[in-house]
Amino acid sequence: MSKKTMAILLSWTLVLAVILSGCNSSSSDQEGETGSSGTDGKVTLKFMHLWPAGSSAQQNKLVNDIIKQYQTDHPNVTIKQEVLENEQYKNKLKILSASNELPDVGVTWAAGFLEPYVKGNLFAPLDDVLSGSLSDKFIAGTTEAYAIDGKTYALPIELNISPIYYNKAIFAKYNLQPPATYDEFLSVLKTLTENGEVPIALGNKDRWTGSLWYMYLANRLGGDALEKAINGSGKFDDPALTQAAAEVQKLVDMNAFNKGFNGLSNDEGKSEFMNEKAAMYLMGTWELPNFTTNPDIPQEFKDKIGFFKFPTMEDGKSDINSWVGGPGVGLFVAQNSKVKEEAQKFVQYFVEKWGESSVTEAGVIPATKVDTATVQLPQLYIDLLNELNQASSLTLFADVQMKPAAAQAHLDMIQALFGKAVTPEDFVKNHQAAIDKGN
């Protein structure tokens, strides 16, 4: 059995485990990873998240500040954290779901990612929390991404778009300007490679990183063709989706990315940009702290970082203000939490405090409304916030749009596409087959 076949079977096993374990959750009283409430009124909450101090320093500090304040305001409550990197977090969430041991509060993504956990009765509805003091706090359209069949199962805390960050010093060295068209972008790549520079930092072992490139190329060529293919109102045999795959391999052939990109994690790929070994880095605005407020990053480096929008393509069907992005992660409460009421109070408190402080303390765009007149923000942050306000459309990340099995197939195909292990034609055929199978 090939590794790829084994990976697909494992993915299906985990999805089934999520659903089956959830079907049993209502009658389970086993001791698990959920918190506890003692006869003395003391409560322990377990909170699992994905902001390690090493790679997400500002977010980690903000989380700890919020928890410290919550524990001060609620002296009977102790919050125990488990902190994991992104991919480790996703894997741990599946494993804990299979054994019905989700933490009381955790982090989830929207749409297709959320669905099996909801179908498995693993996440508690949070409509009562949403209808309280948070009712007018969220930016329109953000909570809807976490709703299924009229109920909201997580509350978003981030809103992101994905620009191409670039090193202004490297561009200036070769008299380059931020490109507005794809032809200009290809010219920039050519100049950089001819001068021995690495144009683009990429760590595609995580695969969603490469998906960002494919998504933008598909959007610029075919407008909403990719979204339609995912939701079934269109097909993956749309010529724009095949051409987008071909353009990815054209970039690979141009040596646009750092060496070994398919074997590097996102953090490893990002280090190429952070160490000024690559000129550009396509990533969500959750990286803004590293370019604005993170005290561990030299100001000299921060001053070199600018951004530009993904260039338009000749005869393409979308404009330059169409972004890949949307609501980022949100917080869920486990359905089988033994301290569900306290967990819901903590989620409400966390969302409010994150919204108040994430702008100034972490440089992160929250899903809740920000009064920009009352806060002082780094210019890069202001510029991107203005771009968000002018967005003509936001396309949610493909692996989040898709149901789990199709998302797994998409991510596998992305790595194969960048590794030239699959043709553009087979890339779209395999996507259509995955969508047709459903979950």
Side-chain angles (χ1 to χ4, degrees), residues 33-37 41-51 59-83 93 102-110 114 117-118 121-148 150-160 286 327-362 364-371 374-375:
E33 294 296 321
T34 62
S36 60
S37 179
K42 292 191 177 300
V43 174
T44 300
L45 276 177
K46 294 186 177 178
F47 178 30
M48 191 169 84
H49 65 80
L50 41 57
W51 297 291
Q59 290 97 326
N60 182 276
K61 178 180 181 301
L62 179 55
V63 169
N64 279 283
D65 287 347
I66 293 172
I67 289 174
K68 183 179 179 181
Q69 188 60 50
Y70 190 82
Q71 292 178 150
T72 300
D73 295 344
H74 304 79
N76 63 318
V77 178
T78 300
I79 297 173
K80 292 185 177 179
Q81 298 180 65
E82 183 173 5
V83 190
L93 196 65
L102 285 177
D104 301 295
V105 178
V107 172
T108 182
W109 287 262
L114 183 79
Y117 297 93
V118 172
N121 195 31
L122 293 167
F123 291 175
L126 294 176
D127 297 282
D128 289 345
V129 180
L130 184 58
S131 64
S133 61
L134 293 176
S135 61
D136 61 348
K137 298 283 189 183
F138 288 98
I139 295 171
T142 53
T143 58
E144 286 82 348
Y146 295 84
I148 295 177
K151 294 183 179 179
T152 305
Y153 290 91
L155 298 183
I157 57 175
E158 294 178 343
L159 184 60
N160 292 293
W286 57 78
V329 296
L331 297 184
F332 71 81
V333 170
Q335 179 68 290
N336 76 329
S337 170
K338 296 179 177 65
V339 288
K340 192 184 298 181
E341 185 176 349
E342 192 67 49
Q344 291 175 338
K345 289 180 183 176
F346 174 66
V347 166
Q348 177 177 334
Y349 186 95
F350 189 99
V351 169
E352 290 177 343
K353 295 300 180 184
W354 179 278
E356 292 170 5
S357 304
S358 64
V359 178
T360 53
E361 295 186 16
V364 174
I365 300 173
T368 47
K369 298 170 186 173
V370 177
D371 183 0
T374 63
V375 293

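One-based numbering along the sequence shown.
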Enquirer: Show the nearest heavy-atom pair for residues Pro327 and Leu159, with the distance to one decimal.
Expert: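 Heavy-atom minimum between the residues: N-CD1, 3.7 Å.
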
Enquirer: Under 6.0 Å from the CD atom of Gln71, do we count more than 12 heavy atoms belonging to anything else shown?
Expert: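 Check passes, neighbour count above 12.
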
Enquirer: With a 4.5 Å heavy-atom cut-off, do Gln348 and Gln344 have their side chains touching?
Expert: no

Enquirer: Tell me whether Lys340 contacts the main-chain N or O of Ala334 through its side chain, where contact means a donor paired with an acceptor under 3.5 Å.
Expert: no

Enquirer: Would you check if Lys42 and Thr44 make a side-chain contact, meaning some heavy-atom pair closer than 4.5 Å?
Expert: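 No; the side chains remain at least 4.5 Å from each other.
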
Enquirer: With rounding to the nearest 0.5 Å, note down the distance linking CG in Asn336 to CG in Leu122.
Expert: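 Reported value, rounded in 0.5 Å steps: 7.5 Å.
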
Enquirer: Compare all side-chain heavy atoms of Gln81 with those of Asn64 and state whether any distance is below 4.5 angstrom.
Expert: yes

Enquirer: Quick one: pull up CD in Glu342 and CG in Asn76 and give me the separation to the nearest 0.5 Å.
Expert: 6.0 Å

Enquirer: Looking at Leu62, is its backbone amide N or carbonyl O close enough to the side chain of Lys353 to form a donor-acceptor pair, meaning the two atoms are under 3.5 Å apart?
Expert: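 Looks like no, no N/O pair under 3.5 Å.
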
Enquirer: Taking everything shown except Lys137 itself, do over 12 heavy atoms lie less than 6.0 Å from its NZ?
Expert: no

Enquirer: Once the angle between the rings of Phe350 and Trp354 is folded into 0 to 90°, is it parallel (under 30°), tilted (30 to 60°) or perpendicular (over 60°)?
Expert: parallel

Enquirer: Is there a side chain to side chain contact (heavy atoms under 4.5 Å, CB included) between Phe346 and Ile67? Walk through the geometry before answering.
Expert: CA-CA 9 Å; Phe346 174 66; Ile67 289 174; 4.1 Å; yes

Enquirer: Could you tell me if the side chain of Pro103 sits less than 4.5 Å from the side chain of Glu82, heavy atoms only?
Expert: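 With C-beta onward as the side chain, the pair stays apart.
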
Enquirer: Run Val329 and Trp51 through side chain to side chain contact (heavy atoms under 4.5 Å, CB included) and show every step you take.
Expert: CA-CA 11 Å; Val329 296; Trp51 297 291; 3.8 Å; yes

Enquirer: Starting from the C-alpha separation in whole Å, work towards a yes-or-no answer on side chain to side chain contact (heavy atoms under 4.5 Å, CB included) for Phe47 and Leu331.
Expert: CA-CA 10 Å; Phe47 178 30; Leu331 297 184; 4.1 Å; yes

Enquirer: Give me the atom names and distance for the closest heavy-atom approach of Tyr146 to Gly330.
Expert: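 Distance-wise, the nearest heavy atoms are OH-N, 3.4 Å.
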
Enquirer: Would you confirm whether the ring centroid of Tyr153 sits within less than 6.0 angstrom of the ring centroid of Tyr117?
Expert: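 Between Tyr153 and Tyr117, which both carry aromatic rings, the centre distance is not below 6.0 Å.
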
Enquirer: Report the C-alpha separation of Phe138 and Leu155 in whole Å, then their side-chain angles, then the decisive distance to 0.1 Å, and conclude whether the side chain to side chain contact (heavy atoms under 4.5 Å, CB included) test is met.
Expert: CA-CA 9 Å; Phe138 288 98; Leu155 298 183; 4.1 Å; yes

Enquirer: Check whether NZ of the Lys or CZ of the Arg Lys345 lies under 6.0 Å from the centre of the six-membered ring of Tyr349 and within 45 degrees of that ring's axis.
Expert: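 That pair does not qualify as a cation-pi contact.
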
Enquirer: Answer yes or no: is there a side-chain heavy-atom contact under 4.5 Å between Leu102 and Leu93?
Expert: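 With C-beta onward as the side chain, the pair touches.
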
Enquirer: Pro366 and Ser358: which non-hydrogen atoms are nearest, and at how many Å?
Expert: CB-OG, 3.5 Å

Enquirer: Any side-chain heavy atom of Val359 sitting closer than 4.5 Å to one from Ile365?
Expert: no

Enquirer: Can you measure from CG (Asp128) to OG1 (Thr152) and round to the nearest 0.5 angstrom?
Expert: 10.5 Å

Enquirer: Could you give the distance from CG (Asn60) to NE2 (His49), rounded to the nearest 0.5 Å?
Expert: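 So the gap between those two atoms works out to 6.0 Å.
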
Enquirer: May I ask you to test the Lys46-Asp104 pair for a side-chain heavy-atom distance under 4.5 Å?
Expert: yes

Enquirer: Restricting to non-hydrogen atoms, name the atom on Thr108 and the atom on Phe123 that form the minimum distance, rounded to 0.1 Å.
Expert: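 Where Thr108 meets Phe123 most closely, the heavy atoms are OG1-CE1, 3.7 Å.
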
Enquirer: Taking the side chain as every heavy atom from C-beta outward, state whether Val118 and Leu114 have any atom pair closer than 4.5 Å.
Expert: yes

Enquirer: How close do Pro156 and Thr143 get, heavy atom to heavy atom, and via which atoms?
Expert: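 Smallest heavy-atom distance, with atoms named: CD-CG2, 3.9 Å.
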
